[in-house]
There are 2 protein chains.
Amino acid sequence: MYHSGASGYTSPMESPAAPTPKGPGNSCVNCGVRSATVCAALGDPQLEEVEAHKVGDHYFPAGSDLFLQGTQSEYLYTIKEGWVMLYTLLQDGRRQINEFCLTGAFIGCQSDMMGPSSYSAQALTGVTVCALPREGIDAVFQRVPEMAVRFACIATKSMESAFATLATVGRGTARERIAHLLADLEARSQVVQTESSAGPLALPITQEHIGDALGLTSVHVSRTLKQLREDDIVSLRGHALHILDRPALMDVAGITPHQTQT
Amino acid sequence: MYHSGASGYTSPMESPAAPTPKGPGNSCVNCGVRSATVCAALGDPQLEEVEAHKVGDHYFPAGSDLFLQGTQSEYLYTIKEGWVMLYTLLQDGRRQINEFCLTGAFIGCQSDMMGPSSYSAQALTGVTVCALPREGIDAVFQRVPEMAVRFACIATKSMESAFATLATVGRGTARERIAHLLADLEARSQVVQTESSAGPLALPITQEHIGDALGLTSVHVSRTLKQLREDDIVSLRGHALHILDRPALMDVAGITPHQTQT
DNA sequence: CGAGCAATTGAAATGGGTCAAGACGTGTGG
DNA sequence: CCACACGTCTTGACCCATTTCAATTGCTCG
């Protein structure tokens, strides 16, 4: 049913990534997603510093890995378009998906900036990223402290998001976890995609992805989605996500922090 | 059995926090825990910038909150001594413990630096922290970008740690989760405490804390600990943690990332 | 000594996992 | 154009790890 011409995550075959060089037609100044990225708060002079350091855009076809756990990727990436998942493979072969990353996400950061990554990153759709060499990035941060600060904020946001996921997975039922994830993905896509605010959202993930992100079996994800569909709350068929009853969804997702009164 | 005179987390009554002013006797240069903190990589001139901004040490008795979710704490804290937990209260009253923080941890970071926190922080023992006013911290980061970067790395480490917890909680059995947590806490305390490398470690947490951190019931934590004790792997009685069979413990904790060969 | 919290233990209930068989859709090759 | 293969999603039946409910035992402290 679903066929996305441009993003086309359905088939893994895409052109094999010829780095688009940086240049006038691809300058940071014109970057359409800048406001969502680590570069958001930069003025023109600072932007030049960054531009001098970056190597241009890279393209990764759906299903390919941006980097693998245990290795150190040469670049830090900012997603310009597409979906990426961060995941960890366990020794028994199981997979834990840590996070779904959308446009604007800054990936490849590690606590030990020059050590190996503890997780892998895989393209869920065809993905275009802006690549910054890891080598020398600290010097850029030195010269552009605004960027270091913004980097800190983004890292913190990732931490908070990880805490939120932890809370759902640790304390919620399958129904709550799934509702929470779908609501979250929908909210985050809205921010980026200024288009169809009402229509169905195309999620480039399978039920197995959902399970691996939430600590559930794909079988049980299927059952729970059916239930949510029968309750007229959300419908996820194929890759199309329809939110039928937003208030009910928020209510089920429920695991929102308790509000401390002041 | 266990009675820690100095740290005394058993009783919540302690002196009510008279801020130790900064001064020659309490200078950053002499800070004993600096290497573990956000200030680690700073040279003397940078350290002066930070010193000028900080207000001195604060003390929080065991059981008191450093800040509450939904509010914005006036300060950012670096733990100089003691244990703190970061936790989120859900609307139904349940609690998810996000992280146990030890000496050197930098807490109070938020993605929206001037907004409310999405989690709370509570002292598990009497805690001494170095307090930096949130107001004006961005200016410090501007002037000392090394610190912003280090800050980002610390947040990233929290994220990675949350990912690791997520993997255990999402995929592991109660036995594995508990083994993982105990091994982790033990390893992290060793780094800080240069003393008793063999003796029992005093954990200032209850079985309910363990449950709330791992998505388990305290009842089931009790049962599982009993099992681990009977298997001569670890013993946690009262607050004393004895590791009886380290290899076995590591093996059970198991949920370590699969190593990608290069 | 009694209050209160933490830890135990038992019995019963259940959410989610496991195993296994089908259904559906889509792309491939004959 | 059809047949087949493969991946994803469904559904059923059974099982088990963990939860829930409830009662008891310690331990610490006032």
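The sequence lines fix the lettering, A, B, ..., with proteins before strands; numbering per chain opens at 1.
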Q: What is the separation between atom CG on A/Leu216 and atom C1' on C/dT14, rounded to the nearest whole Å?
A: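 So the two atoms are 15 Å apart, to the nearest Å.
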Q: Whole angstroms only, please: what is the CD-P distance between A/Glu208 and D/dC6?
A: 17 Å
Q: Please classify the nucleic acid contact of B/Gly215 as base, sugar-phosphate, or nothing, using heavy-atom distances under 4.0 Å.
A: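 Sugar-phosphate contact only.
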Q: Counting side-chain heavy atoms from CB outward, which of C/dA7, D/dC9, D/dT18 is closest to A/Ser222?
A: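 The listed nucleotide nearest to A/Ser222's side chain is D/dC9.
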Q: With a 4.0 Å cut-off, would you call A/Arg94 and A/Asp212 a salt bridge?
A: no
Q: Given the structure, check if the side chain of B/Arg229 and the base of C/dT8 hold any donor-acceptor pair shorter than 3.5 Å.
A: no
Q: With the side chain of B/His220 defined as its heavy atoms from C-beta on, choose the nearest nucleotide among D/dT19, C/dA7, C/dG16.
A: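 Closest nucleotide among those given: D/dT19.
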Q: Measure the distance from CD on B/Gln207 to P on D/dT19 and round it to the nearest whole Å.
A: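 Answer to the nearest Å: 13 Å.
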Q: Side chains of A/Leu89 and A/Ser120: closer than 4.5 Å at any heavy-atom pair?
A: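 No - every pair of side-chain heavy atoms lies 4.5 Å or more apart.
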Q: May I ask you to verify whether the side chain of A/Arg171 and the base of D/dT19 hold a donor-acceptor pair under 3.5 Å?
A: no
Q: Would the base of C/dG16 count as contacting A/Arg177 through its side chain, where contact means a donor and an acceptor less than 3.5 Å apart?
A: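 No, the side chain and the base share no sub-3.5 Å donor-acceptor pair.
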Q: Between C/dG15 and A/Arg175, counting only base atoms on the nucleotide and side-chain atoms on the residue, is there a donor-acceptor pair under 3.5 Å?
A: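 Under the 3.5 Å cut-off, the side chain and the base do not form any donor-acceptor pair.
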Q: Remember a base hit wins even if backbone is also touched, and classify B/Val219 as base, sugar-phosphate or nothing at under 4.0 Å, heavy atoms.
A: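 Result for B/Val219 = base.
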Q: Does B/Lys226 make a side-chain N or O approach to OP1 or OP2 of C/dT9 shorter than 4.0 Å?
A: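 Yes, because at least one side-chain N or O of B/Lys226 sits under 4.0 Å from OP1 or OP2 of C/dT9.
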Q: Classify the ring geometry between B/Phe67 and B/Tyr77 as parallel (under 30°), tilted (30 to 60°) or perpendicular (over 60°).
A: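 Geometry flag for B/Tyr77 against B/Phe67: parallel rings.
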Q: Starting at atom CG of B/Asp212, determine the distance to atom P of D/dT19, rounded to an integer number of angstrom.
A: 11 Å
Q: Measuring only between side-chain heavy atoms, which start at C-beta, is B/Val129 closer than 4.5 Å to B/Ile107?
A: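 With C-beta onward as the side chain, the pair stays apart.
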Q: In whole angstrom, give the distance that lies between atom CD of B/Glu176 and atom P of D/dA17.
A: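 Result: 12 Å.
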Q: Taking atom C1' of C/dA6 as reference, at what distance in whole Å does atom CD1 of B/Ile205 sit?
A: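 Spelled out: CD1 on B/Ile205 to C1' on C/dA6 is 13 Å.
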Q: Does atom CD (A/Glu74) have a neighbourhood of more than 12 heavy atoms from anything else shown, all under 6.0 Å?
A: no
Q: Could you state the CZ-C1' distance from A/Arg223 to C/dG15, rounded to the nearest angstrom?
A: 11 Å
Q: Whole Å only: how far is the CZ atom of B/Arg237 from the C1' atom of D/dC27?
A: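 Atom-to-atom, B/Arg237 to D/dC27, this comes out as 12 Å.
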